[in-house]
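Basis for what follows: all heavy atoms, side chains included, without hydrogens, waters or symmetry-related copies. In this text, all values refer to a predicted model and were calculated from it rather than measured experimentally.
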Amino acid sequence: MANFAKPENALKRAEELINVGQKQDALQALHNLITSKRYRAWQKPLEKIMFKYVELCVDMRKGRFAKDGLIQYRIVCQQVNVSSLEEVIKHFMHLSTQKAEQARSQAEALEEALDVDDLEADKRPEDLMLSYVSGEKGKERSDRELVTPWFKFLWETYRTVLEILRNNSKLEALYAMTAHRAFQFCKQYKRTTEFRRLCEIIRNHLANLNKYKDQRDRPDLSAPESLQLYLDTRFEQLKIATELGLWQEAFRSVEDIHGLMSIVKKTPKASLMVVYYAKLTEIFWISGSHLYHAYAWFKLFSLQKSFNKNLSQKDLQLIASSVVLAALSVSPYNQTRGASHLELENEKERNLRMANLIGFNLESKLENREVLSRSAVLAELVSKGVLSCATQEVKDLYHLLENDFLPLDVASKIHPLLMKISKLGGKLTSASSVAEVQLSQYVPSLERLATLRLLKQVSQLYQTMKIESLSQMIPFFEFSMVEKISVDAVKHNFIAMKVDHMKGAVLFGNMGLESDKLQDHLAVLAESLNKARAMIYPTPKKASKLGEVLPGLGEIVDKEHKRLLARKSIIEKRKEEQERQLLEMEREEESKRQNLLKKTEEAEKKRLAAMFEQQRAERIRKEIEERELEEAQALLQETEKHLKRGKKKPILDGEKLTKQTLIERALSEQLKERQEQEKRLQKVAKTMDHLERAKREEAAPLIEAAFQRRLVEEKVLHEREQQLEVELSRQRHDGDLKEKNRLARMLENKMIFQESVISRRQAEFDQRRVEREERIKQIIQARKQERDIKRKKIFYVRSEEERIKKMRKDEEARKREEAERRRKEEAEHKAKMDEIAEKQRQRERELEEKERLRREALLGRAPEGISRPSELPAGSRTTEPVVATPAAAAAAPTTGKYVPKFRLRPESSGPAPPSEPDRWGKPAPLEPDRRAAGSRAPPSQSDRWTSGSRAPPQDSDRLAGGGSRATPPDSNRFGGGSGSSKAEPWRSSRARNPQRG
């Protein structure tokens, strides 16, 4: 990101990049400058930079860059120079529109080029497949690629501008202009999808305005100018929606207009209301709501008659006729008969909503048919004089349908009137809001109404009629259509009739008989039978009521008691429910009180903050006043010095001096001095004017004489130069003729030379062409060989990579198998070692048992206190093991007494080796002589017991002296130190078995 000292440098850098074709870099440079925090103060060069920036964005169709740049520029100039932002946005829209028009003018078929459902959607998969499969692109696809991108960009431009200008009080006019241009874009190119999105965008902007209306720079809808702009935008939206045939969007636009009117509590101008009701008539007619259509026409007629002073009599008759025919077209029976309660409530809400749109204030307590109904609107038309303004045909039709009772002639009299009415209509010259009125659109509804009236009157006059006669009486429809109309009328309880096709007759009945009396005929029959039974079998008179009551009095008392208990429980439950409700209410009140307390605390905090801000502002204001007072005193001193130099009257000391008064006086003095100087200059200028005029009056005759002399001299000079030129031309022509005659004899040699040069150059050209073709062939062959070599190298490298990858996979598999095999071997080895250890422990237990038995045999009967080694105290069994020498073992059976350990002496053939004393001076116990086994360490347990179940070798076999006491090889393993083992001592095989020695 380049840092520029001045914004002009960035503009120059961008122009340099554009000149060398690097528009993207130029756009990025300007974007970095605009989004930089260094240039947040508005300057005049920034406007030029923005013009260049939007031009680049339009050329490159960078809508996102344009939006970011405009947002940053809005932040810069929102409070300083909003008109600059307005100019930039206008320039941006102008460029986008110009580019789109250029693309449209280049396309030959606009409708095919714009045959896209959604400008924001990407290409369809079918179009992509077609563009790849077909070799040459068709004309339609080329037009699509040329025109559609620019129209997408133009649509994005409108959306961007509306998003930037939304809810900005200083740019409301530009916002409205942009919305109007977007509407015209959708209308001109039939963009229905974009029109819906545009309406939704504008609707969301208004919703956000109402939601955040307390924010800064928000438009005030109560202002007449703002309200008028918003209303004009909504009315334009309504017009475009009706012209595009988007009736649902048109109805939503009507709701928007009504909502805007409800917000500001003001009624728009009569000209706008005329457009409002004219569009409502179209919407309600398309939706089939004939009743609302009639009311909308009535409101439109009232507005035209009251406010349109230029309305002609013919146009008034057409509008009044439309109102009457619209009211007559309403169905004469209620369509909601037999509907559910929910449907009735929905219909009621719908009527209230539509009546609010039309302008009628309804009370929710009244029934809908009492306010919005066919009879009500017809009565109002008659009372307001609308019928008197209609044409004579419409009046006659009204009287025939509503007042006259002519069951046999009503259709024949109505038919010619409908033929005349269908021809009435045309354009209105004096009503600008209603372009055209065609009364023929009401003819089908009126024919249906005439059929219903005829059936109603005939049902009152006849009970039976042939189908042929009834068909002849109704010339509008065939009898199948008449039957459909009658079925709908019977369904809604308008008439009572049946069609018997077997007899070919129509049966008219009494509606009251079928509906009211038949619904309770069974109940009437039951009451009559009860009365007859009572007359035939009268009930006997009761002798005494008390005699009948006494037997069942106990049961009555029990029932009454139970009833009272039940009532008591109900009362208790009601009390509990009431208490629970009271607790709920108290809890709600407590929560409300807490919320109110919280709000009060927040309000107090806000008040304290506002007070603090007010005190701070007051302090700042006082500091500013003190500073201004000091400046005023300094300015007063300067002014006194100036007045002393100018010898003017000084300012009086008693006057109240402020900085503003001193500045005003200084300015007035400067103004007086400037006026005096201007007067002096005017006097000098007047003197100079007189002097200059006198000089010019004196010089005028002299200038005229010099001019006449100059004319004569120039005329003589011109004639002389003309004669000289003629002579020179004649001489040049003669010389050229001689030169031509001289060179004519060399023409043949020139042609021969020319042919030789051309033939030589042709041969040289052919030779070079052959050489070039040969060189191209060689280059193609070399490139082909290079490609073959490259493909082979690539194939070899890929093969090597695959081979190495396969080797790695094989090596990893082998390592995994080896690890698995080792793990299995270790598990087997561990199991084997555990088995051997278990056998060793079993063998040790057997040896211990044998040793115990042998000891008991040697010692004989032990004392009573200690009968077995297992009964010895724990200390005596674990501290010093009893070791018996062969001599002691031989002497023990003879004496039969217990020999202590310290009395035992080793008896051997040779003297025992001297023992070294320990640190307490006692001789150390004898160690087994391991010199015969060498200097190596004793084998481990696994090494000693791998030879099967054979007993371990004894140390007595390795000792030099056979009579000395030996220590078992595992004494260190069981007890630790030499000669001080706490475990059971080992006996040598010779000691245990003397016969082996």
More than 12 foreign heavy atoms under 6.0 Å from [atom1] of [X]: is that the case here?
{"X": "Glu613", "atom1": "CD", "answer": "yes"}
{"X": "Gln614", "atom1": "CD", "answer": "no"}
{"X": "Gln248", "atom1": "CD", "answer": "no"}
{"X": "His501", "atom1": "NE2", "answer": "yes"}

Quick one: do [X] and [Y] make a salt bridge, cutoff under 4.0 Å?
{"X": "Glu200", "Y": "Arg203", "value": "yes"}
{"X": "Lys606", "Y": "Glu601", "value": "no"}
{"X": "Glu255", "Y": "Arg252", "value": "no"}

Steps toward side chain to side chain contact (heavy atoms under 4.5 Å, CB included) verdict (Gln460, Phe508): CA-CA 8 Å; Gln460 296 175 4; Phe508 297 99; over 6 Å; no

Aromatic ring pairing Trp285/Tyr442, orientation class (parallel under 30°, perpendicular over 60°, tilted between):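 Trp285 vs Tyr442 ring planes: perpendicular.
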
Check against side chain to side chain contact (heavy atoms under 4.5 Å, CB included), Leu209 and Tyr230: CA-CA 12 Å; Leu209 174 61; Tyr230 275 88; 3.7 Å; yes

Within this structure, what is the [atom1]-[atom2] distance for the pair [X] and [Y], rounded to the nearest 0.5 Å?
{"X": "Arg587", "Y": "Gln581", "atom1": "CZ", "atom2": "CD", "answer": "12.5 Å"}
{"X": "Glu560", "Y": "Glu555", "atom1": "CD", "atom2": "CD", "answer": "13.0 Å"}
{"X": "Leu461", "Y": "Phe405", "atom1": "CG", "atom2": "CZ", "answer": "5.5 Å"}
{"X": "Leu439", "Y": "Leu446", "atom1": "CG", "atom2": "CG", "answer": "9.5 Å"}
{"X": "Leu400", "Y": "Lys413", "atom1": "CG", "atom2": "NZ", "answer": "6.5 Å"}
{"X": "Leu244", "Y": "Thr192", "atom1": "CG", "atom2": "OG1", "answer": "7.5 Å"}

Between [X] and [Y], is any pair of side-chain heavy atoms under 4.5 Å apart?
{"X": "Met481", "Y": "Thr451", "result": "no"}
{"X": "Met473", "Y": "Leu454", "result": "yes"}
{"X": "Thr242", "Y": "Trp247", "result": "yes"}
{"X": "Glu402", "Y": "Arg453", "result": "yes"}
{"X": "Lys384", "Y": "Phe298", "result": "yes"}
{"X": "Phe479", "Y": "Ile474", "result": "no"}
{"X": "Leu387", "Y": "Leu381", "result": "no"}
{"X": "Thr464", "Y": "Lys503", "result": "no"}

Looking at [X] and [Y], what are the two nearest heavy atoms and their distance?
{"X": "Ser331", "Y": "Arg374", "result": "O-CD, 3.6 Å"}
{"X": "Ser486", "Y": "Met497", "result": "CB-SD, 3.6 Å"}
{"X": "Leu452", "Y": "Phe494", "result": "O-CE2, 3.9 Å"}
{"X": "Glu249", "Y": "Cys199", "result": "OE2-CB, 3.1 Å"}
{"X": "Ala450", "Y": "Ile414", "result": "CB-CD1, 3.8 Å"}
{"X": "Leu300", "Y": "Val274", "result": "CD1-O, 3.5 Å"}

Steps toward side chain to side chain contact (heavy atoms under 4.5 Å, CB included) verdict (Glu478, Val482): CA-CA 6 Å; Glu478 297 179 357; Val482 174; over 6 Å; no

Answer yes or no: is there a donor N or O on one side and an acceptor on the other, between the side chain of [X] and the main chain of [Y], under 3.5 Å?
{"X": "His205", "Y": "Arg166", "value": "no"}
{"X": "Gln457", "Y": "Asp404", "value": "yes"}
{"X": "Ser306", "Y": "Ser302", "value": "yes"}
{"X": "Lys395", "Y": "Ser388", "value": "yes"}

Trace of the salt bridge (charged side-chain N to carboxylate O under 4.0 Å, His left out) decision for Arg563 with Asp558: CA-CA 8 Å; Arg563 187 182 65 81; Asp558 292 338; over 6 Å; no

Working for side chain to side chain contact (heavy atoms under 4.5 Å, CB included), residues Phe301 and Cys389: CA-CA 11 Å; Phe301 172 80; Cys389 297; 4.2 Å; yes

No-hydrogen, no-angle side-chain donor-acceptor test under 3.5 Å, Tyr398 and Asn403: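 Not at all, the side chains of Tyr398 and Asn403 share no donor-acceptor pair under 3.5 Å.
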
Residue pair Glu590 / Gln594, side-chain donor-acceptor N/O under 3.5 Å: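 Side chains of Glu590 and Gln594: pair found under 3.5 Å.
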
Sole residue of Lys239, Gln237, Glu236 in side-chain hydrogen bond (donor to acceptor under 3.5 Å, both in side chains) with Ser253: Gln237

Output side-chain donor-acceptor pairs under 3.5 Å for residues 565-576, partner residues at least two apart or in another chain, one line each.
| residue | atom | partner | partner atom | Å |
| --- | --- | --- | --- | --- |
| Ser569 | OG | Leu565 | O | 3.4 |
| Ser569 | OG | Ala566 | O | 2.6 |

Centroid separation Phe284 to His290 less than 6.0 Å: no

